[in-house]
Amino acid sequence: MAPPTDSSPPILLFGASTPSGAALRDLASARELRVLGRRCPPDLAAERFVATDLTAPPPPGLPLGGVIISFAPLWHLAPFLAGLLQGTGARGAAASDRPKAVVACSSSSVLTKRFAANADDQALVRRLRQAETTLEEACQALAIPCRIIRPTLIYGEAGGYRDRNLSVLLTLMGRLPVLPLPSRTGLRQPIHARQLAAVSLLLADQPERWDGPLALGGDDTLTYTAMLERLQADARLQNPRDRAGRCRLLPVPAALFHLLAAPLLPWKPKLFEAVLRMEADLAGFTTAHSLLNTPAEPFPVHPLARG
Ligand SMILES: NC(=O)c1ccc[n+]([C@@H]2O[C@H](COP(=O)([O-])OP(=O)(O)OC[C@H]3O[C@@H](n4cnc5c(N)ncnc54)[C@H](OP(=O)(O)O)[C@@H]3O)[C@@H](O)[C@H]2O)c1
């Protein structure tokens with residue numbers, strides 16, 4: 001294992017086995033970094049891994065100095081970390097044994113699904129809100145800066161880890177000759193995993209750059225249909241014979257589209273609502289490039305994942 005060459009505070013990383021976690025490891029490759037998770041990423045030296053299940057009691061002697069960054073589900077992370085932080089507070093641990101900052105991913109669903117009609121999405125919003133409050137209060141009690149990021153649709157590939165949303169749509173388009181879509185689709189602001197990782201690292205090192213929860217998106221805002229068209233154009237550019245690039249996107253009047261989706265309602269209410277959400281605007285979030293002070297990156301940012 002090469003010794004760290006960057007003397008910035010060490011990083012404790014949860015959710016390393018995600019595209020964002022892998023991208024963060026890449027961005028912070030010169031830094032001291034430990035991964036906490038259930039499985040050691042295949043390319044990580046064993047001494048950099050601490051086996052940790054967020055739903056079980058923490059392993060003893062977990063080092064908390066440095067900055068904490070998480071891409072794991074917030075409803076697991078928040079009670080786990082809050083318990084650990086309360087323990088350090090009660091022990092009167094030295095400042096060097098306390099985190100300098102905590103950056104954790106929640107989701108823009110907290111905002112976009114708050115009026116959802118189905119019970120699953122309602123429960124998700126409650127779970128995320130509760131977790132955000134738990135983590136913020138635990139950090140506040142020890143005066144540790146806590147930055148909650150609420151990303152929207154995360155896509156892309158990093159370190160062999162792939163997203164499970166746009167890659168699934170690409171696969172679907174590769175299998176279907178025609179894909180019906182509502183004639184007017186809503187806005188999306190997808191964010192690449194590398195952009196999310198870069199913003200997370202920035203806020204871990206400079207938490208003063210943002211105050212309160214950060215609803216975060218990519219640099220481009222485009223309709224759902226335009227997002228699929230750009231994915232298709234990109235697939236054709238890589239390979240003119242790519243089947244995903246040849247799928248016909250068929251605009252269907254809204255009333256007919258609702259009728260086609262209606263059979264889902266009794267047995268898959270969550271999927272039914274997800275299909276109807278194609279018409280909703282889920283955008284207007286802070287752009288990654290405005291925080292990073294970098295040029296805007298048009299959609300799609302590479303590398304892309306294929307399902
Ligand atoms: N995907 C999206 O479009 C989207 C949108 C908005 C917000 N988010 C949020 O952004 C973050 C990244 O999303 P994602 O979809 O890439 O990942 P995800 O599926 O939400 O999270 C998977 C990661 O969490 C870890 N994890 C799960 N349960 C764990 C446990 N009990 N103990 C330890 N680690 C555990 C997994 O590690 P193992 O290797 O141990 O399984 C894996 O690294 C998450 O916080 C997610 O809620 C995602």
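Numbering of ligands and ligand atoms starts at 1, following listing order. Computed from a predicted model, the values in this text were never measured in an experiment.
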Answer whether the closest heavy-atom distance between the side chains of [X] and [Y] falls below 4.5 Å.
X	Y	answer
Arg150	Ser109	no
Pro59	Thr52	yes
Val50	Leu12	no
Thr152	Thr112	no

**Item:** For atom 14 (P) of ligand 1, closest protein heavy-atom neighbour
**Value:**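 The protein heavy atom lying closest is Thr18 CG2, 4.2 Å.
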
**Item:** Heavy atom of the protein closest to atom 11 (C) of ligand 1 (residue, atom name, distance)
**Value:**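 Minimum-distance protein heavy atom for atom 11 (C) of ligand 1 reads Phe71 O, 3.4 Å.
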
Is the closest N or O pair between [X] and ligand 1 shorter than 3.5 Å?
X	result
Asn165	yes
Ala72	yes
Ser17	yes
Arg164	yes

Identity of the nearest option to [atom], non-hydrogen atoms only, from [options]:
atom	options	answer
atom 46 (C) of ligand 1	Ser106, Gly15, Ala22	Ser106
atom 32 (N) of ligand 1	Leu54, Thr55, Ile191	Leu54
atom 13 (O) of ligand 1	Asp53, Leu36, Ile154, Val35	Ile154
atom 29 (C) of ligand 1	Arg38, Arg150, Arg162	Arg38
atom 20 (O) of ligand 1	Ser20, Pro73, Gly21	Pro73

Show which atoms of ligand 1 fall inside a sub-4.0 Å distance from at least one heavy-atom site of [X].
X	value
Ser107	6 (C), 7 (C)
Cys105	10 (O), 11 (C), 45 (O)
Thr52	32 (N), 33 (C)
Leu153	3 (O)

**Request:** Report yes or no: does a heavy atom of Pro151 sit under 4.0 Å from some atom of ligand 1?
**Result:**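 Yes.
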
Straight-line distance of [X] [atom1] to [Y] [atom2], nearest 0.5 Å:
X	Y	atom1	atom2	answer
Leu36	Ile68	CG	CD1	8.5 Å
Leu13	Arg31	CG	CZ	11.5 Å
Arg147	Leu202	CZ	CG	11.0 Å

**Asked** Can we say Asp163 and Arg194 salt-bridge, meaning some charged N sits less than 4.0 Å from an Asp/Glu carboxylate O?
**Response**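 Arg194 and Asp163: not salt-bridged.
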
**Request:** Tell me yes or no: between the side chains of Thr225 and Glu229, is some donor less than 3.5 Å from an acceptor?
**Result:**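 No, because no side-chain N or O of Thr225 sits under 3.5 Å from a partner of the opposite role on Glu229.
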
**Greater than 12 external heavy atoms within 6.0 Å of Gln238's CD** =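 Enclosed.
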
